[in-house]
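Heads up: the structure comes next, in structure tokens.
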Amino acid sequence: MFRILRLLFLASLALVLIVLALANREVVTLRLLPPEAGEFLGLTWGMQVPLFLVIFAGILLGLLVGFVWEWMREYRIRSTAVKATRKAAYLEGEMDRLREKTHGPQDDVLALLEKPAR
């Protein structure tokens with residue numbers, strides 16, 4: 001069921017993108033600087049591309065910036081998770097070492113129920 005919905009969504013997205021590309025086939029000029037500033041600085045670089053490529057490139061650039069921003073924002077969360085995982089592994093190892101040393105119960109439930117010997 002979800003596979004069919006996913007395929008329908010992808011097909012409709014592809015159809016919308018194709019229609020958008022066909023409707024925006026006019027050639028536009030991309031310039032590095034506005035014409036007056038480019039002439040003043042001697043940088044009159046320009047490139048002619050179809051408008052739909054400019055639209056698609058803008059969408060992809062926006063997605064890329066968003067993904068990088070989110071990855072940088074979540075760095076602290078990932079760092080905390082790594083530290084917690086290392087600490088849990090250390091504590092599990094320590095628990096196993098203590099269990100072997102004291103010959104305590106091998107079952108965790110029984111270890112919780114029994115009171116430690118003093």
Side-chain angles (χ1 to χ4, degrees):
M1 178 68 181
F2 286 112
R3 182 178 179 188
I4 293 171
L5 287 175
R6 188 179 77 217
L7 289 175
L8 285 173
F9 174 75
L10 290 176
S12 62
L13 181 64
L15 182 66
V16 166
L17 291 176
I18 290 170
V19 169
L20 181 70
L22 290 174
N24 294 292
R25 290 181 290 168
E26 296 85 25
V27 175
V28 294
T29 303
L30 293 179
R31 291 190 173 96
L32 188 60
L33 296 171
E36 297 82 17
E39 289 176 13
F40 178 73
L41 296 173
L43 298 171
T44 57
W45 178 83
M47 178 183 200
Q48 295 203 352
V49 295
L51 181 59
F52 72 90
L53 287 180
V54 175
I55 294 170
F56 291 163
I59 291 171
L60 290 176
L61 183 64
L63 282 171
L64 179 67
V65 167
F67 285 142
V68 169
W69 185 275
E70 192 65 18
W71 181 79
M72 289 182 353
R73 189 184 70 80
E74 292 176 348
Y75 172 77
R76 189 177 68 243
I77 297 168
R78 287 191 311 273
S79 174
T80 303
V82 166
K83 288 176 185 174
T85 302
R86 287 182 186 157
K87 185 173 184 178
Y90 171 76
L91 291 175
E92 285 177 1
E94 185 70 21
M95 186 176 67
D96 290 340
R97 284 189 293 277
L98 288 174
R99 190 176 289 148
E100 289 174 8
K101 183 178 177 183
T102 61
H103 302 293
Q106 297 298 319
D107 188 11
D108 290 335
V109 176
L110 293 176
L112 290 173
L113 295 175
E114 294 179 2
K115 291 183 180 179
R118 291 183 187 201

Open item on the list: Show, in sequence, the C-alpha distance, side-chain angles and deciding distance for Leu22 and Ile18, and conclude whether the side-chain contact (heavy atoms from CB on, under 4.5 Å) test is met.
Closed with: CA-CA 6 Å; Leu22 290 174; Ile18 290 170; 4.0 Å; yes
TODO: Apply side-chain contact (heavy atoms from CB on, under 4.5 Å) to Phe40 and Leu33, showing your working.
DONE: CA-CA 10 Å; Phe40 178 73; Leu33 296 171; over 6 Å; no
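- Nearest heavy atom pair, residue Gln48 against residue Thr29, reads NE2-OG1, 3.3 Å.
- Hydrophobic clustering (ILVMFWY, side-chain heavy atoms < 4.5 Å, transitive): Val65 and Tyr75 are in distinct clusters.
- Val19 and Phe56 sit in two unconnected hydrophobic clusters of ILVMFWY residues. Membership requires side-chain heavy atoms under 4.5 Å apart, directly or through other members.
- In this structure the side chain of Leu91 reaches within 4.5 angstrom of the side chain of Lys87, judged on heavy atoms.
- For Arg97, the side chain to side chain contact (heavy atoms under 4.5 Å, CB included) partners at least two apart in sequence or on another chain are Tyr90, Glu94.
- Following chains of ILVMFWY side-chain contacts shorter than 4.5 Å, one cannot reach Val54 starting from Val27, and the two form parts of different hydrophobic clusters.
- The number of heavy atoms from other shown groups lying within 6.0 Å of CD1 (Ile4) does not exceed 12.
- Partners of Glu92 under the side chain to side chain contact (heavy atoms under 4.5 Å, CB included) rule, at least two apart in sequence or in another chain, do not exist in this structure.
- With values rounded to the nearest 0.5 angstrom, Leu5 atom CG is found 11.0 Å from Leu10 atom CG.
- By the 6.0 Å contact criterion, CH2 on Trp45 is enclosed, its count of non-hydrogen atoms from other residues, nucleotides or ligands being greater than 12.
- For the atom pair Trp69 CH2 and Leu64 CG, the distance stands at 13.5 Å (nearest 0.5 Å).
- Under a hydrophobic-cluster definition in which Ile, Leu, Val, Met, Phe, Trp and Tyr are linked whenever side-chain heavy atoms come within less than 4.5 Å, directly or via other members, Leu51 and Met47 are assigned to the same cluster.
- In this structure, Phe2 CZ and Leu7 CG are separated by 13.5 Å, a value rounded to the nearest 0.5 Å.
- The CG atom of Asn24 sits 4.0 Å away from atom CD1 of Ile55, with the distance rounded to the nearest 0.5 Å.
- Atom CD1 of Ile59 is separated from atom CG of Leu20 by 7.0 Å, given to the nearest 0.5 angstrom.
- Pairs passing the salt bridge (charged side-chain N to carboxylate O under 4.0 Å, His left out) check and including a residue from residues 53-82, sequence neighbours excluded, read Glu70-Arg73.
- For Arg86 (side chain) and Lys83 (main-chain N/O), no donor-acceptor pair under 3.5 Å exists by modelled atom type.
- If you chain together hydrophobic residues whose side chains sit under 4.5 Å apart, Ile77 and Phe67 never meet in one group.
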